[in-house]
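Inspection log for the structure reproduced underneath, given as structure tokens.
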Amino acid sequence: MAQPVAIEVWNPNGKYRVISTKPMPGTRWINLLIEQDCRVEICTQKKTILSVEDIIALIGDKCDGVIGQLTEDWGDTLFSALSKAGGKAFSNMAVGYNNVDVNAATKYGVAVGNTPCSYGSKLFCKATMSFYVVELNVAVSLHYLCHDVRLNSIARYTKEFQIGDTVGSLEGDDTAGCSDSDDEVRTETVPIENGRWEILELCCKRHVPILSLTLKFIYRRIASSLGRTVGGGVSRTLDASLVIPSPQSPAEFVLRLSVETTAELAASLSLAAARRIVEADEFMRAGLYDGWLPHLFVGNLLKGQIVGVIGAGRIGSAYARMMVEGFKMNLIYYDLYQSTRLEKFVTGMSGSLSYGQFLKANGEQPVTWKRASSMEEVLREADVISLHPILDKTTYHLVNKDSLAVMKKEAILVNCSRGPVIDEVALVEHLKQNPMFRVGLDVFEDEPYMKPGLSEMKNAIVVPHIASASKWTREGMATLAALNVLGKIKGYPVWSDPNRVDLFLDENSPPPAASPSIVNAKALGNIIFVLHLLLHPLY
Ligand SMILES: NC(=O)C1=CN([C@@H]2O[C@H](COP(=O)(O)OP(=O)(O)OC[C@H]3O[C@@H](n4cnc5c(N)ncnc54)[C@H](O)[C@@H]3O)[C@@H](O)[C@H]2O)C=CC1
Ligand SMILES: O=C(O)C(=O)CO
């Protein structure tokens, strides 16, 4: 029988009842819900993992939406209860949602949200372009091509503007991954014969390299105070192209919600395992250090070694870059899909300098990359291997007794994805048999438990699923989870690109009126994705 659960209530008279099964970081998520007439109930029960019965008790007879955690088992029973209580949405406060039976949710008409990674728009390159022309009433259209680092495609942009315009938003055929709100146009007047001409200076602060830019000047000489008569207008088009040199790296990765935070922990575990930091720390605290010794805690040098990534998606690619760039490791990766973006980071693309070329230009050995044709190839060749796939039936026990056997005896294995990607019993045995083999684990097969023997292994570093635990990331995750639920309650459409949710995270402006990421939107028939909501903010 479920016990009554302790709750904290915000905005008791709110029309919609939204439950969070845990207190979450920050207050923005609470404020956003309250401002939209929600009564927010936060479970404060001193129990880390709530049972299905506890959550049913929380849902009660009327509940519009729930924000839950990856430790909870969201299956048929809970979605049935939520649907009976009138609930429309459940959002996991996590990127991964392997704890959620999405089919069951769809069956009960409940939308499932997650807190996806975001491609934020940060300052990347600053190109200043000056162009001339423009007389009186002149329309200038600007066409430019950008390399979209995420899609690895060329995006084409067009903008028409008038003198004095400030470019608030440049839109084009494909604006995915690009935010132009930082672009600005400055004008300066210079006298030139036959009238008044202006110099327009476009200051582009973009996170994508501009490959080429075409200016199309359509100018109309109108009957004006200058006394010239040109009827209804003569227009002339003048094209000019200019190629802006790409900055050093063709693909500057920008800060994304969980990506860098999680990748940084994987990098920390790699380093800690390589240099035996935890063992050495314990040794010091135990008072065992009595002087420098040539053999004391000798570990592995990373520079020039091979880093292997299995699952080179968002987090895996960010980790790969950190290890390649930070420690000049050579890369081998395995993924079902080619990661051209990552490859190009290492060896470059035409017209730009890759990291490898950059090293060469500085007299250093250039780094290399290789896409493996099998996971075994990575396991065989790499010195440090980090796992970053999603957990599904294809990745369950991806690393098992047989695959461990092909790894180098002194290899390092890191897992920040999901515990069941590794057969933990086989791993413990392998650690026992190979004392120079080391692991760094953030996730475990039977979380929160470890398989017997793991905690005694000196060659294992274990941390309690903290890879996304930076303040900014966790507050952002709470905000996205709340907005997923709010968007469904309010009947807002679904944001088109869950990879680009930076607009929802901007503390200084209201989020768009959309659900940031609903994973079963299509299955629910909610296929009205929202492309550009900049003009229709939430308030
Ligand atoms: N420890 C933590 O705190 C965190 C863990 N995660 C976990 O990391 C996972 C990955 O996150 P993202 O990088 O954002 O996902 P993603 O979807 O960008 O990347 C996953 C990659 O794995 C690849 N993949 C899928 N099946 C594969 C297979 N059988 N073999 C090889 N590659 C395969 C996919 O093609 C994809 O490129 C999440 O699903 C989540 O479970 C995410 C955030 C924090
Ligand atoms: O987001 C996830 O998937 C996690 O594991 C915790 O951040």
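All values reported here derive from a predicted model rather than from experimental measurement. Read the numbers this way: they start at 1 and go in the same order the structure lists the ligands and their atoms.
At a 3.5 angstrom cut-off on N or O pairs, Ala94 does not count as close to ligand 2. The distance criterion of under 3.5 Å between nitrogen or oxygen atoms is met by His465 with respect to ligand 2.
Contacts between Thr262 and ligand 2 below 4.0 angstrom, taking non-hydrogen atoms only, are absent altogether. Contacts with ligand 1 closer than 4.0 Å are made by side-chain heavy atoms of Asp442 only, the backbone lying farther away. With a heavy-atom cut-off of 4.0 Å, His465 touches ligand 1 through its side chain alone. Looking at Val95 against ligand 1, only its side chain comes within 4.0 Å, counting heavy atoms.
Protein heavy atom nearest atom 10 (C) of ligand 1, with residue, atom name and distance: His388 O, 3.5 Å. Nearest protein heavy-atom neighbour of atom 2 (C) of ligand 2: Val95 N, 3.3 Å. Of the protein's non-hydrogen atoms, Cys416 O, 3.2 Å is the one closest to atom 5 (C) of ligand 1. Counting protein heavy atoms only, atom 23 (C) of ligand 1 is closest to Asp335 OD2, 3.2 Å. The closest protein non-hydrogen atom to atom 44 (C) of ligand 1 is Thr262 OG1, 3.3 Å. Among protein heavy atoms, the minimum distance from atom 7 (O) of ligand 2 is reached at Ser468 OG, 2.5 Å. The nearest protein atom to atom 39 (O) of ligand 1, hydrogens excluded, is given as Ile390 CG2, 3.4 Å; this is a heavy-atom distance. Of the protein's non-hydrogen atoms, the one nearest atom 15 (O) of ligand 1 is Arg314 NH2, 3.8 Å.
Counting heavy-atom neighbours within 6.0 Å of Lys47 NZ, excluding the residue itself, gives a total above 12.
The atoms of ligand 1 that sit less than 4.0 Å from any heavy atom of Gly313 are 18 (O), 19 (O), 21 (C), 37 (O). Listed by number with element, the atoms of ligand 1 under 4.0 angstrom from any heavy atom of Ser417 are 5 (C), 7 (C), 41 (O). Counting the atoms of ligand 1 from 1 in the order shown, those under 4.0 Å from a heavy atom of Thr395 are 26 (N), 27 (C), 28 (C), 29 (N).
Checked options Asp402, Ile385, Leu404; the residue passing with Leu379 is Ile385 (criterion: side chain to side chain contact (heavy atoms under 4.5 Å, CB included)). The only option from Asn99, Asn98, Asn114, Asn484 that meets the side chain to side chain donor-acceptor pair (under 3.5 Å) definition with Asn92 turns out to be Asn99.
Using 4.0 Å as the threshold, Leu391 has no heavy atom nearer than that to any atom of ligand 1. In this structure, Arg418 has a heavy atom closer than 4.0 Å to ligand 2.
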TODO: Go through the steps for Arg380 and Glu377 under the test salt bridge (charged side-chain N to carboxylate O under 4.0 Å, His left out), then give the verdict.
DONE: CA-CA 5 Å; Arg380 225 180 5 254; Glu377 198 179 334; 5.5 Å; no

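Neither side chain, Tyr396 nor Asp423, offers a donor N or O lying under 3.5 Å from an acceptor on the other. Side-chain atoms of Ser258 and Thr261 form no donor-acceptor pair, as typed in the model, at a separation below 3.5 Å. A donor-acceptor contact closer than 3.5 angstrom links the side chains of Ser270 and Tyr319. When only modelled atom types and interatomic distance are considered, Glu343 and Ser339 share no side-chain donor-acceptor pair under 3.5 Å.
Nearest residue to atom 31 (C) of ligand 1 from Tyr333, Tyr334, Tyr337 is Tyr334 (criterion: closest heavy atom). Residue nearest to atom 9 (C) of ligand 1, selected from Ala263, Gly96, Pro389: Pro389 (by heavy-atom distance). Of the candidates Ile315, Asn415, Thr394, Ile466, Ile315 brings a heavy atom nearest to atom 42 (C) of ligand 1. Here atom 41 (O) of ligand 1 lies nearest to Arg418 when heavy atoms of Met375, Gln338, Arg418 are compared.
Ionic pairing of Glu282 and Lys458 is present here: one or more N-O contacts between side-chain nitrogen and carboxylate oxygen are shorter than 4.0 angstrom. Salt bridge annotation for Glu410-Arg438: absent, with no cationic side-chain nitrogen under 4.0 angstrom from a carboxylate oxygen.
Looking at Ile277 and Ile461, their side chains never come closer than 4.5 Å, going by heavy atoms from C-beta outward.
In this pair, Trp74 and Phe79 present their aromatic rings tilted. The plane angle is within the 30 to 60° band.
Listed here is the closest heavy atom pair of Gly311 and His388: O-CB, 3.3 Å.
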